[in-house]
Amino acid sequence: MSDAGPAGRRDAARRATTAARLAALRARLADLGAEAALLSAPADVRWASGFTTPADGRVLLTPDAALLLTDDRYTAQAAEESTIEVRIVAAAARLEALADLVGSATLGVQADHLTWQAARELEERLGRPPLPLADLTRPLRIVKTPDEIARLREAARLTDAAFDHVLAGPLRAGTREVDVALEIERFIRGQGGEAVSFEVIVAGGHRSAMPHGVASERVIERGDLVTLDFGARVDGYHADMTRSVAIGPVAEPLRSWYDAVLDAQRAAVAAIRPGLSGVDADRVARERLGRAGLAERFAHSLGHGVGLQIHEAPSLSTRSTDVLAPGMAVTVEPGVYQPGLGGLRIEDLVLVTAEGHEVLSRSPKDYLEL
Ligand code: ZN
Ligand code: ZN
């Protein structure tokens, strides 16, 4: 195959990206005392190989090889997508193949992903226990490359467009929540998104008190404050945004809570910069909500990193050990909730830059009454 032309150059760039990632992973393995590693977590399999059905693949890194192991349902797809050598192995023969390839090398496995049963089977086949490693790729994926940032940016753009789209039509009294969610999903897929980042959350009325209330058959009513939390996935990279929209006038206390959450959200976004700790970012929003008497109603953390996973490092929370650096992508999403009454959340996707930050979510977030 010729490497000339845009497709060839793109393939060469993808292989170069993978080579840099695997070099970093090999260095990390050496630090951790492993000579080989079996990647099983889907986001890591995709990160290390480009294979887009990573739950059905494994990446094996040995001192002299990097292999994508998958089965014969994926022969053509793996050949097309993988940036590393592909080995087609039936699931029943995978352990045996692994043991042969690993030989006597110390094999690290993903302790925070591989099942206990799979670890036991591997131990039996190798004749020795694998080395359990936690957070193996965390420090390698926490700062995004320019290519990854471009994908996050496109995912955020598509997410904004989907929000515009439902504001212009489906989001109104008389529509079921599930129909708004389906319209978001249809729009994102139709505009070239790979998928929605997670099951779309549309929660109005008393359901808005559920931070993760996926769309139900409930009909949206006048007076609802409807929380929409969703994102587009582009080339494996997830966007994540929440807006809470009033359908006609919203009663107190929800109306005032909106202003308090927006104030806390804006203050926390303004604080995002390199050197800020995840704990301090969270504290900015928590203190603002505390001044409004709403600290106890903010029952989750401020935000999370996004990338090949919807929730990944770094964490912005009371227990975070992370410190922000340029190239990290995080959500900033304070919310308040009262069971039986309702709640709201406002969430942006924010990129940490050398100068401070750039908000990738562009959708308006001032109180909006349809
Ligand atoms: Zn979200
Ligand atoms: Zn989020």
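Just follow the structure's listing: the first ligand is 1, and inside any ligand the first atom is 1.
Less than 2.8 Å away from the Zn ion (ligand 2), the protein contributes these N/O/S atoms: D240 OD2, H304 NE2, E333 OE2, E347 OE2.
Remark: the backbone N or O of S315 is paired with a side-chain donor or acceptor of D322 at under 3.5 angstrom. In this structure a side-chain-to-backbone donor-acceptor pair under 3.5 Å is present from S197 to A232.
Identified under the salt bridge (Lys or Arg N to Asp or Glu O under 4.0 Å) test for residues 295-311, with sequence neighbours left out: none.
With salt bridges taken as basic N to acidic carboxylate O contacts below 4.0 Å, none links R151 and E148.
Partners of A78 according to the side-chain contact (heavy atoms from CB on, under 4.5 Å) rule, which considers only residues two or more places apart in sequence or in another chain, are F51, L68, T70, V86. Y337 pairs by the ring pair (Phe, Tyr, Trp, His ring centres under 6.0 Å) definition with H300, not counting sequence neighbours.
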